[in-house]
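Just so you know, residue 1 is the first one in the sequence shown, and it goes up from there. Fair warning: this is a prediction, and the values are worked out from it, not measured in the lab.
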Amino acid sequence: MSTYHPLSDSSPVAAAAGERDVGPLVSLRLWLAGSPWRLSGGWLALAGMVAAAGPALGRGPWLPLLLALALAEVLWGALWWQLAPARRWPLHRAQRRPNLPYIQPASPAGRLLGWPEPGAAAAITRAGAPLAGLALLLALAISPLALLLTGVVCVLVLLAMFARQAGLSALVGWLYALTVAALPFALGVAIGARGQWPPAAMELWLLGLMLGYSLLTWALAPRAALPATRGPARLLMAAAGFGVLLVTLLASRLMLAAGVVGLLAAAPLLILAQANGRQPAAAQPWTLAAILVSAAALGFGIG
């Protein structure tokens, strides 16, 4: 599973579009980008399913599982990448305008529609609204909890959008971790548990995994989500995330799994320590492996 990125102004499609107003179709132009082994909503939702259901996950039904993976990976991810990290949203100057009464390009309604330059309101209405609508419809077909979590994702994306404009990069990073890790994991847990929250004996361990995964997602966030974060901060956050995973596994008496996760943690921590400000993409597959191993160990009780 990979991360979905928006149509950028530097892409061939955008260059071919020129100054034309391509309308809301731009917000739905998505493609696979980056390594499929990077941390993303789909992988974290799958980790939640495995941790909550264990061997019962293979007995179906499969449709809610697949819909939940599509919701967390495709639509939640697209909402984030279309709106939250962009300095220039994937919209173009409008050359053709419908003859609407009482609306001028410089009026509040005209600026809302993105005339002449697309701003935050235009990005929300023309790029975010179609995706949010699709996400809410898909979530409605899954469960009421999925619908609630989708609404929370929409709010978090809007907060990240305004926090980015205000220069609050640290807040954007935490909102990214919630959108990509915590909420997809919670959705996966709910789907894996067949709509019922897991027994009280598992709640603390699941919350521990969620916290660890969120810290790791913050540490390995792409530069578009954490542009001003230095290497030492990422290294400390990754160490804290792996530490939370180890404590959770040891407390749940999964000693073998804790040992495996500890071995897997050595590579990403070393990569982050030697990153020198570069994007530590090589740390992503190792971290993803540690996440899946810890989730499977808790779900299957192996270790």
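With values rounded to the nearest 0.5 angstrom, Leu254 atom CG is found 10.0 Å from Thr248 atom OG1. Taking CZ of Phe242 as the reference point, atom OG of Ser294 lies at 9.5 Å (rounded to 0.5 Å). With rounding to the nearest 0.5 Å, the separation of CG in Leu66 from CG in Leu71 is 12.5 Å. For the atom pair CG (Leu187) and CG (Leu67), the distance works out to 10.5 Å, reported to the nearest 0.5 Å. Going from atom CG of Leu263 over to atom CH2 of Trp286 covers 10.0 Å, rounded to the nearest 0.5 Å.
Minimum heavy-atom separation, Trp81 to Pro222: CH2-CG, 3.3 Å. Leu145 approaches Ala190 most closely through the heavy-atom pair CD2-CB, 3.2 Å. Between Leu44 and Ala181, the shortest heavy-atom distance links the atoms CG-CA, 3.7 Å. Of all the heavy atoms in Trp43 and Arg38, the pair that sits closest is CD1-O, 3.3 Å.
Here Leu136 sits in one hydrophobic cluster together with Leu140, Leu147; the rule is ILVMFWY side chains under 4.5 Å apart, joined directly or through other members.
One hydrophobic cluster, built from ILVMFWY side chains closer than 4.5 Å, holds both Val50 and Leu204. Residues Leu292 and Ile302 share a hydrophobic cluster, clusters being chains of Ile/Leu/Val/Met/Phe/Trp/Tyr side chains in contact below 4.5 Å. Hydrophobic clustering (side-chain heavy atoms under 4.5 Å, transitive across Ile, Leu, Val, Met, Phe, Trp, Tyr) groups Val189 together with Leu148. In the hydrophobic cluster analysis, where Ile, Leu, Val, Met, Phe, Trp and Tyr join through side-chain heavy atoms closer than 4.5 angstrom, Leu149 is grouped together with Val155. Hydrophobic clustering places Val152 together with Trp80 (ILVMFWY residues linked when any side-chain heavy atoms are closer than 4.5 Å, directly or through intermediates).
Between the side chain of Arg164 and the backbone N or O of Leu83, no donor-acceptor pair lies under 3.5 Å.
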With side-chain contact (heavy atoms from CB on, under 4.5 Å) as the test, would you mind laying out the steps for Leu75 and Leu79 before giving the verdict?
-> CA-CA 6 Å; Leu75 293 177; Leu79 270 171; 5.8 Å; no

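Applying the side-chain contact (heavy atoms from CB on, under 4.5 Å) test between Leu220 and each of Leu215, Leu272, Leu288, Ile271 identifies Leu272 as the sole match.
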